Amino acid sequence: MVVQTQQNLMGLIYQLAQAETQALNQQLKQLNLNNEQARALNYIDQHPGTNQRAVGSYLGRQAASTSNLIKRLLTQQLVVRQVAADNDREKQLHVTTAGEQVAQQIAAAFTTVNRQMMQAVPVDQQTQLSKTLKLILQRLSRES
């Protein structure tokens, strides 16, 4: 019986993550972005002057696929690539004004989905749920 309960808990956590991803992807689709593009734009917004290598490392992507992702953001005029002041070979990435607006919309999408999730949990249970999920995460992180 314990194994079945554990499997159900894992299944529910997985289903919750999938539902969250699907809800976020629907919001991002309205911005003409996929999840990876949104994450990259957010990273560049949070780290002005970063480079393509750092974005790829953050996303866990190979150089070629990161390059294609950045090209898409450049084409959409959400980011610009500029030569670094101290190194002609280094290209820095910055969000454009349009990119800043989209980054704010991405943050709003995350807030909306988070609010929807929290509305499903009674206020008096939110703190305990948060503690429990953090304990699970810590345990899984230690054991991996």
Side-chain angles (χ1 to χ4, degrees), residues 5-144:
T5 302
Q6 289 173 343
Q7 288 175 343
N8 287 339
L9 178 60
M10 290 185 296
L12 288 171
I13 290 171
Y14 176 78
Q15 289 175 12
L16 179 61
Q18 291 296 101
E20 177 193 31
T21 299
Q22 188 174 30
L24 284 170
N25 286 342
Q26 287 175 350
Q27 300 251 347
L28 295 175
K29 189 175 183 179
Q30 294 174 0
L31 298 173
N32 199 26
L33 294 173
N34 64 35
N35 188 286
E36 291 285 294
Q37 293 163 343
R39 289 180 61 217
L41 182 63
N42 185 57
Y43 183 84
I44 296 166
D45 186 46
Q46 298 297 315
H47 301 89
T50 191
N51 61 31
Q52 186 171 308
R53 187 172 40 259
V55 173
S57 177
Y58 171 73
L59 296 175
R61 293 177 71 125
Q62 298 294 324
S65 66
T66 302
S67 177
N68 289 334
L69 188 145
I70 298 297
K71 284 178 187 176
R72 173 79 192 262
L73 296 175
L74 289 164
T75 300
Q76 291 177 290
Q77 299 181 342
L78 299 176
V79 299
V80 293
R81 189 179 287 151
Q82 299 172 336
V83 176
D86 59 344
N87 183 349
D88 291 344
R89 296 179 62 198
E90 179 74 24
K91 305 292 188 281
Q92 296 180 326
L93 299 168
H94 297 274
V95 295
T96 62
T97 302
E100 288 176 12
Q101 292 171 351
V102 171
Q104 290 172 359
Q105 291 173 310
I106 292 167
F110 276 89
T111 300
T112 298
V113 171
N114 186 58
R115 188 178 329 109
Q116 290 170 341
M117 291 174 55
M118 295 309 290
Q119 286 173 345
V121 179
V123 174
D124 61 330
Q125 295 178 20
Q126 290 178 10
T127 301
Q128 185 58 44
L129 177 60
S130 180
K131 287 180 184 178
T132 301
L133 292 173
K134 286 177 184 176
L135 285 172
I136 293 170
L137 183 59
Q138 287 173 352
R139 172 70 58 90
L140 291 174
S141 296
R142 268 190 304 216
E143 294 177 2
S144 340

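Predicted, not measured: the structure shown is a model, and the values here were computed from it.
Checked by atom type and distance alone, the side chain of T75 pairs as donor or acceptor with a backbone atom of K71 at under 3.5 Å. Judged purely by atom type and a 3.5 angstrom limit, E36 has no side-chain atom pairing as donor or acceptor with the backbone of R61. At least one donor-acceptor pair under 3.5 Å links the side chain of T132 to the backbone N or O of Q128. Here the side chain of Q126 pairs a donor or acceptor atom with the backbone of M118 at under 3.5 angstrom.
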Criterion side chain to side chain contact (heavy atoms under 4.5 Å, CB included) on I70 and R81, from CA distance to verdict: CA-CA 9 Å; I70 298 297; R81 189 179 287 151; 3.2 Å; yes

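With contacts defined as side-chain heavy-atom distances shorter than 4.5 Å, the pair Q105/Q30 does not qualify. Residues L69 and Q37 have side chains in contact (heavy-atom distance under 4.5 Å, counting atoms from C-beta outward). A 4.5 Å side-chain heavy-atom check between V83 and K91 finds at least one atom pair inside the cut-off. With contacts defined as side-chain heavy-atom distances shorter than 4.5 Å, the pair I136/R139 does not qualify. Using a 4.5 Å cut-off on side-chain heavy atoms (C-beta onward), N32 and R72 make contact. Looking only at side-chain heavy atoms (C-beta outward), Q116 and E20 stay at 4.5 Å or farther from each other. Residues R115 and Q119 form a side-chain contact, since some pair of their non-hydrogen atoms from C-beta on lies under 4.5 Å apart.
Note that CG of N51 is 10.0 Å distant from CD1 of I44, once rounded to the nearest 0.5 Å. Once rounded to the nearest 0.5 Å, the distance linking NE2 of H94 with CD of E100 reads 11.5 Å. A distance of 6.5 Å separates CG of N114 from CE of M117, quoted to the nearest 0.5 Å. L129 CG to L133 CG: the interatomic distance, rounded to the nearest 0.5 Å, is 4.5 Å. Separation of atoms CG (L24) and CG (L33) is listed at 12.5 Å; rounding is to 0.5 Å. Note that CG of N42 is 11.5 Å distant from CD of Q104, once rounded to the nearest 0.5 Å.
Of all the heavy atoms in L41 and A103, the pair that sits closest is CD2-N, 4.1 Å. Taking each heavy atom of A23 and V113 in turn, the nearest pair found is CB-CG2, 3.9 Å. Closest approach of L73 and A40 over heavy atoms only: CD1-CB, 4.0 Å. Of all heavy-atom pairs spanning V80 and L74, the tightest one is CA-CD2, 3.8 Å. Minimum heavy-atom separation, V95 to D45: CG2-OD1, 3.5 Å. Across all non-hydrogen atoms, the minimal contact from Q27 to A109 is OE1-CB, 3.5 Å.
Within 6.0 Å of the CD atom in Q77, the count of heavy atoms belonging to other residues, nucleotides or ligands does not exceed 12. In this structure, D88 places its CG atom where only 12 or fewer heavy-atom neighbours from other residues, nucleotides or ligands lie under 6.0 Å away. Other residues, nucleotides and ligands place no more than 12 heavy atoms under 6.0 Å from the CD atom of Q62.
Scanning for ring-ring contact (aromatic ring centres under 6.0 Å, His included) contacts around Y58 gives Y43, with sequence neighbours left out.
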